[in-house]
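Taking it in order: structure first as structure tokens, then the write-up.
Residue numbers begin at 1 in each chain, while the letters A, B, ... track the order of the sequences. Treat the numbers as computed from the prediction; the structure is a model and nothing was measured.
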There are 2 protein chains.
Amino acid sequence: MANPAKFNRDTVVSLACDLFWKKGFHATSTRDLQDAIDLRPGSIYAAFGNKQGLYTEALRHYANKMDDLLESCLEQHDSVIEGLKTFTKSALIDETEQQSCDQCMLIKATSEFKHEYPELKSLSESLLVEFETRLAQLFAQAIDAGELPKNGKAIDYARHFQIHFIGLRSYAARVTDKSLIDSLIEKMFDAVKA
Amino acid sequence: MANPAKFNRDTVVSLACDLFWKKGFHATSTRDLQDAIDLRPGSIYAAFGNKQGLYTEALRHYANKMDDLLESCLEQHDSVIEGLKTFTKSALIDETEQQSCDQCMLIKATSEFKHEYPELKSLSESLLVEFETRLAQLFAQAIDAGELPKNGKAIDYARHFQIHFIGLRSYAARVTDKSLIDSLIEKMFDAVKA
DNA sequence: ACTATAATTGAACAATTGCTCAACTAGGAA
DNA sequence: TTCCTAGTTGAGCAATTGTTCAATTATAGT
């Protein structure tokens, strides 16, 4: 291999992810991307094919990042529910503070590609289904461990969690007082146990 | 007034609203709009100034439409809570079926204009605040009427409703089985009363 | 019928878009 | 050292973007 690439692919994808997340696919121009990732068009198109190709990797990167955050939060607690609470606070408070990205990028993507770009539509949908599946696994675990009543269904808990999570995220985006969000998350988890 | 306008402004704004709602501001080109509302650039720019001007009216139109729906649902019931439930079902099931617009246009707008177009950002935010205020009014009414426990706060109910509403709407967008959404709305209102 | 004025038209502008490609550069293998 | 190949560069393309405007059309008031 002569003259190997000078850029780090992960770094580039991560930077592109931040920009796409913030501005959305359509509002992000290839010039914006060139500046953000410090690569000339030739390199970008050689490495990723086109704008959609880079977006695809950026979206996958986002999903992986969320998965990693979830798993690391779970490791911090013996209780699955406590792990999920830490994850929620981390995603809705810490992350929105530093990134100021209001919505989950996957939700933004499903909305943006509802009527166009079928590949991106199905990718974002399947990443969301993957996440729901993981949540259902975790709630099944919590039921087994006696953290939640035995008569509850894991998939119902998973659905309820997502609905609350997405709604809260949207609300957190337009509220400056993060202690309010914190107390709403506490309420959310009190309600889950009941 | 010589040669009065041949188009109906409300109709035009309503058609523009549907397109902007579906595709978002950035993904909607002025050519798309010209086709949808059947007007040539000159007429559009004479009537609305620019793309942003038309979008502004479209967003206001959307907020009014939602208000009208809410009020008409409230009129159908003596109970405020039952009125809100009918509104929720109407917005999340009936409307998404015919329009296939996944998200609340106001939420989409706040997300799209978080870092650009400050006028549209503050407009969408203030329309959301207006809606929250109306909800708080209604929950105060429900508390007074004895529909909800006296020790609850109207603003807390309003917040909880919005979070659940937005989360459910997002979930409804990627679920084909509308009876599941119906049962989730029923659960949502059971939880409110408790 | 005439006129003044407002609305409509569509060609065309400059800017921006996603993307290409020929020329150039750099480093591993011979 | 000399290739050969893979990576980089940036000028620039064709298409699309938001917008303008002179010419045209239509009508309410005289």
Side-chain angles (χ1 to χ4, degrees), chain A residues 1-59 109 112-113 115-121 123, chain B residues 1-59 109 112-113 115-121 123:
Chain A
M1 197 177 296
N3 193 19
K6 269 130 209 95
F7 66 90
N8 179 292
R9 195 176 182 96
D10 280 347
T11 312
V12 161
V13 169
S14 176
L15 287 168
C17 176
D18 288 347
L19 195 66
F20 274 132
W21 186 9
K22 195 161 74 167
K23 305 190 69 170
F25 180 78
H26 285 101
T28 305
S29 75
T30 50
R31 259 79 171 178
D32 290 339
L33 285 167
Q34 285 168 41
D35 292 346
I37 68 183
D38 193 32
L39 282 179
R40 262 40 62 201
S43 300
I44 298 175
Y45 284 81
F48 302 98
N50 53 24
K51 187 186 174 185
Q52 185 176 336
L54 179 51
Y55 185 91
T56 301
E57 284 206 34
L59 198 64
E112 207 166 4
F113 307 120
H115 311 277
E116 290 173 317
Y117 296 88
E119 303 94 342
L120 295 179
K121 172 184 150 83
L123 172 64
Chain B
M1 196 178 293
N3 196 19
K6 271 132 208 93
F7 66 90
N8 179 292
R9 196 178 181 95
D10 279 348
T11 312
V12 160
V13 169
S14 175
L15 288 168
C17 177
D18 288 348
L19 195 66
F20 274 132
W21 186 10
K22 194 161 74 168
K23 305 190 71 170
F25 180 79
H26 286 101
T28 305
S29 75
T30 50
R31 261 76 172 178
D32 290 339
L33 285 166
Q34 286 167 41
D35 292 346
I37 69 183
D38 192 32
L39 281 180
R40 264 38 66 200
S43 299
I44 298 176
Y45 283 80
F48 302 99
N50 55 23
K51 186 185 176 185
Q52 185 177 338
L54 179 51
Y55 185 90
T56 301
E57 284 205 34
L59 198 65
E112 207 166 4
F113 306 120
H115 310 278
E116 289 172 318
Y117 296 88
E119 302 93 342
L120 295 179
K121 172 184 149 83
L123 173 64

Taking only N/O atoms, report every protein-nucleotides 13-15 of chain C pair under 3.5 Å with atom names and distance.
none

TODO: Would you mind reading off the distance between A/N8 atom CG and D/dG7 atom C1', rounded to a whole angstrom?
DONE: 16 Å

- [ ] To the nearest Å, give me how far apart NZ (A/K51) and P (D/dT16) are.
- [x] 15 Å

Task: Taking every non-hydrogen atom, the tightest pair across A/L59 and A/A109 - done: CD1-CB, 4.1 Å

Open item on the list: Apply side chain to side chain contact (heavy atoms under 4.5 Å, CB included) to residues A/H115 and B/K23 and explain how you reach the verdict.
Closed with: CA-CA 8 Å; A/H115 311 277; B/K23 305 190 71 170; 5.8 Å; no

Open item on the list: How many whole angstroms separate atom CD of B/Q34 from atom C1' of C/dA12?
Closed with: 13 Å

TODO: Output the residues of residues 35-46 of chain B in contact with DNA chain D, where contact means a heavy atom of the residue under 4.0 Å from an atom of the strand; sort by number or write none.
DONE: B/P41, B/G42, B/Y45

TODO: Just call it for B/S29: base, sugar-phosphate, or nothing, with non-hydrogen atoms closer than 4.0 Å on any strand.
DONE: sugar-phosphate

Task: Heavy-atom pair with the smallest gap, counting every atom of B/K51 and B/H26 - done: NZ-O, 4.2 Å

- [ ] Figure out the CG/P separation between A/N50 and C/dC21, and round it to whole Å.
- [x] 14 Å

Task: Sole candidate of B/V12, B/T56, B/L33 that passes side-chain contact (heavy atoms from CB on, under 4.5 Å) when paired with B/F48 - done: B/V12

Task: Residues which pass side chain to side chain donor-acceptor pair (under 3.5 Å) with B/S29, listed by chain and number, not counting sequence neighbours - done: B/D32

Task: B/K6 side-chain proximity, nearest of C/dT8, C/dC19, C/dG27 - done: C/dT8

Open item on the list: Rounding to an integer number of Å, can you tell me how far B/D32 CG sits from D/dT19 C1'?
Closed with: 16 Å

Open item on the list: Heavy-atom nearest nucleotide on DNA chain C for A/G49 versus A/A27: which residue maps closer to 5'?
Closed with: A/A27

Open item on the list: Taking ring pair (Phe, Tyr, Trp, His ring centres under 6.0 Å) as the definition, give me every residue that meets it alongside A/F113, ordered by chain and number, with sequence neighbours left out.
Closed with: A/F25, A/Y55, A/Y117

Task: Listed partners of B/A58 passing side chain to side chain contact (heavy atoms under 4.5 Å, CB included), at least two apart - done: B/C17, B/F20

Task: A/T30: side chain to side chain donor-acceptor pair (under 3.5 Å) partners, not counting sequence neighbours - done: none

Task: Nearest atoms (heavy-atom pairs only) where A/I37 meets A/A16 - done: CG2-N, 3.9 Å

Task: Nearest-Å distance for atom pair CZ/P, residues A/F7 and C/dA26 - done: 17 Å

Task: Length of the CD-P vector between A/Q52 and C/dG18, whole Å - done: 13 Å

